[in-house]
Amino acid sequence: MQHEWSLTGMALEALPSGVEVLSNIEALTNQLKSDDMTISCLGPDTCVLPFADRIRSMRERLRVMHGILDGWTHAQRICALLAPVFSSIDISVQLPAEMRKFKSMYSVYCQLVEKARSSPSLKVFATKPNILDDFSELIPHLDSLMSRLNVFMEAKRANFPRMCFLTDMDILSLVAASTVHEPPILHAILRKLFPGIREVRLVPGDGSHPAAITGMLSWEGEEIHLAWHVAVSGMLEEWLAELQLALRYTLRRAIIRGLASVDTNPLPATHDSEEIDILTPIHAATSCWQSTLLCRRVQHTRQIESALGGG
C-alpha cells in the first residue's frame with residue numbers, strides 16, 4: 001500500500017481561465033476509500049499485531065491525505081469559479097476589498113499548487129509541514145468571499161430583474177464569460193434571459209475594443225442584426241440592459257417598417273395568391289418573419305374594422 005502511494009502522482013491541469021486544478025482527484029479519492037476499507041478490515045488479530053505501529057501510521061497518513069483531497073476539492077472548485085469572476089471590471093469596481101482578498105487567497109492556492117508540482121506523489125505532499133493548516137486557513141476565507149458574492153448577486157437581480165430567472169452559478173458564469181468571452185456560456189445563459197433567442201452574434205474584442213453583440217439568431221434560424229452593437233464590458237446589468245434595449249428597438253423598428261409597407265402597399269382583401277406572396281413585401285421591409293406576421297395581423301384587423309364600420 002505504501003509502495004502504491006509512492007507511485008501515485010498529483011496530475012495538475014490548467015483550465016482556460018489559467019487556474020491549475022488537480023485533474024485526477026476522483027481517482028485519488030477512490031484509491032483512498034479502497035485503502036480505508038482495507039485498513040478497517042485489519043482487526044485485532046494476532047497475525048497483524050507485529051505491524052500495529054505501521055498500520056496506525058498508515059491510517060494517520062490516509063487521514064491526512066483525505067483532509068488534503070477534501071480541502072483541495074473545495075478550494076479548486078471555488079478558485080476555478082472565482083478567478084475569472086474577480087478579473088472582471090464589474091467586480092473590481094463594486095467589490096475592491098473582496099478582490100484584494102481573493103488575490104491574497106489565490107496566491108496561497110498557487111503556493112499549494114507549486115508544492116504539489118514539486119512533490120512526486122500525494123504521499124510526499126502529505127508530509128509537507130502544516131499542509132492541513134494551509135487548507136484550514138484558506139477555505140473559510142474562500143467561503144466568506146462566496147457569501148459576499150451572494151449579496152452582490154442579489155443587487156444585480158434588483159438592478160436587472162430578468163436575472164431573477166438565473167441561478168447564482170448562472171450569474172457568476174455570465175460575469176466570468178463576459179470577461180473571458182466564452183460564446184457557449186454566453187449563449188446558454190442568455191437563452192434563459194431571452195427565451196426567443198437561440199444565440200447571439202458575438203464579435204471578438206481586441207486590445208482596444210471589447211467584444212460586442214451584433215445580432216441575434218432565432219430558434220427558426222432567422223438572423224436579425226441589431227440597430228447598434230452592444231459592447232460586452234463594464235457592469236453586467238448595464239450591458240444586459242443595453243442589449244435588452246437594442247433588442248426592443250430593433251424589433252420595434254422592424255414592425256414600424258412593416259406597417260409602413262402595409263400602408264403604402266395595401267394587401268388585397270381577398271387572396272388570389274399564396275400567403276407567402278402576400279407577405280413577401282412586408283418581410284422585405286421587416287427582415288423578420290415574426291414582425292411580418294404581426295404586421296399581417298394588424299392589416300387583417302384593419303380590414304375587419306373597416307368592413308364592420310362600413311355596415
Check: Do you know which two heavy atoms are closest between Leu174 and Ile189, and how far apart they sit?
Finding: N-CD1, 3.7 Å

Checklist line | Nearest atoms (heavy-atom pairs only) where Ser218 meets Arg198 | finding: O-CB, 3.8 Å

Item checked: Within residues 96-113 or reaching into it, pairs that qualify as salt bridge (Lys or Arg N to Asp or Glu O under 4.0 Å) - sequence neighbours excluded -> Glu98-Arg148

Checklist line | Residue pairs, two or more places apart or on separate chains, that pass salt bridge (Lys or Arg N to Asp or Glu O under 4.0 Å) and touch residues 20-31 | finding: Glu20-Arg117

Margin query: Atom CE of residue position Met146 - does it have more than 12 heavy atoms of other residues, nucleotides or ligands inside 6.0 Å?
Written below: yes

Check: Run the side chain to side chain contact (heavy atoms under 4.5 Å, CB included) check on Tyr109 and Val19 step by step: do they pass?
Finding: CA-CA 10 Å; Tyr109 176 80; Val19 179; 4.1 Å; yes

Checklist line | salt bridge (charged side-chain N to carboxylate O under 4.0 Å, His left out) between Arg157 and Asp168, intermediate numbers included | finding: CA-CA 10 Å; Arg157 291 187 175 102; Asp168 291 347; 2.8 Å; yes

Is it possible for you to say whether [X] and [Y] belong to one hydrophobic cluster, with membership spreading through side-chain heavy-atom contacts below 4.5 Å?
| X | Y | answer |
| --- | --- | --- |
| Leu186 | Trp219 | no |
| Ile171 | Phe165 | no |
| Leu22 | Leu15 | yes |
| Val203 | Trp239 | no |
| Leu243 | Trp228 | yes |

A side-chain contact here means heavy atoms from C-beta on lying under 4.5 Å apart; do [X] and [Y] qualify?
| X | Y | result |
| --- | --- | --- |
| Thr214 | Leu226 | no |
| Val113 | Trp72 | yes |
| Phe194 | Met216 | no |
| Leu236 | Phe160 | no |

Which residues pass the side-chain contact (heavy atoms from CB on, under 4.5 Å) test with [X], not counting sequence neighbours?
| X | result |
| --- | --- |
| Glu199 | His187, Arg201, Leu217 |
| Arg248 | Gln244 |
| Asp133 | Asn130 |

Check: Has the side chain of Thr250 got a donor or acceptor atom that lies under 3.5 Å from a matching backbone atom of Ala227?
Finding: yes

Next item on the list: Say whether Thr167 and Asp170, considering side chains only, have a donor N or O and an acceptor N or O under 3.5 Å apart.
Entry: yes

Note to self: Leu95 vs Leu149, test: side chain to side chain contact (heavy atoms under 4.5 Å, CB included). Steps then yes/no.
What the structure shows: CA-CA 9 Å; Leu95 301 174; Leu149 281 176; 3.8 Å; yes

Next item on the list: Evaluate the side chain to side chain contact (heavy atoms under 4.5 Å, CB included) criterion for residues Asn150 and Glu154: first the C-alpha distance (whole Å), next the side-chain angles of each, then the deciding distance (0.1 Å), finally the verdict.
Entry: CA-CA 6 Å; Asn150 289 334; Glu154 288 306 312; 5.8 Å; no

Item checked: Residues that Glu242 engages under salt bridge (Lys or Arg N to Asp or Glu O under 4.0 Å), provided they are two or more places apart -> none

Margin query: For a side chain to side chain contact (heavy atoms under 4.5 Å, CB included) check, start with the C-alpha distance between Met163 and Leu240, then their side-chain angles and the critical distance, and finish with the verdict.
Written below: CA-CA 10 Å; Met163 277 197 276; Leu240 282 176; 4.1 Å; yes

Notebook entry, point to check: With under 30° as parallel and over 60° as perpendicular, where do the rings of Phe125 and Phe135 fit, or are they tilted in between?
Noted result: perpendicular

Note to self: Between Asp134 and Lys115, does any NZ, NE, NH1 or NH2 come within less than 4.0 Å of an OD or OE carboxylate oxygen?
What the structure shows: yes

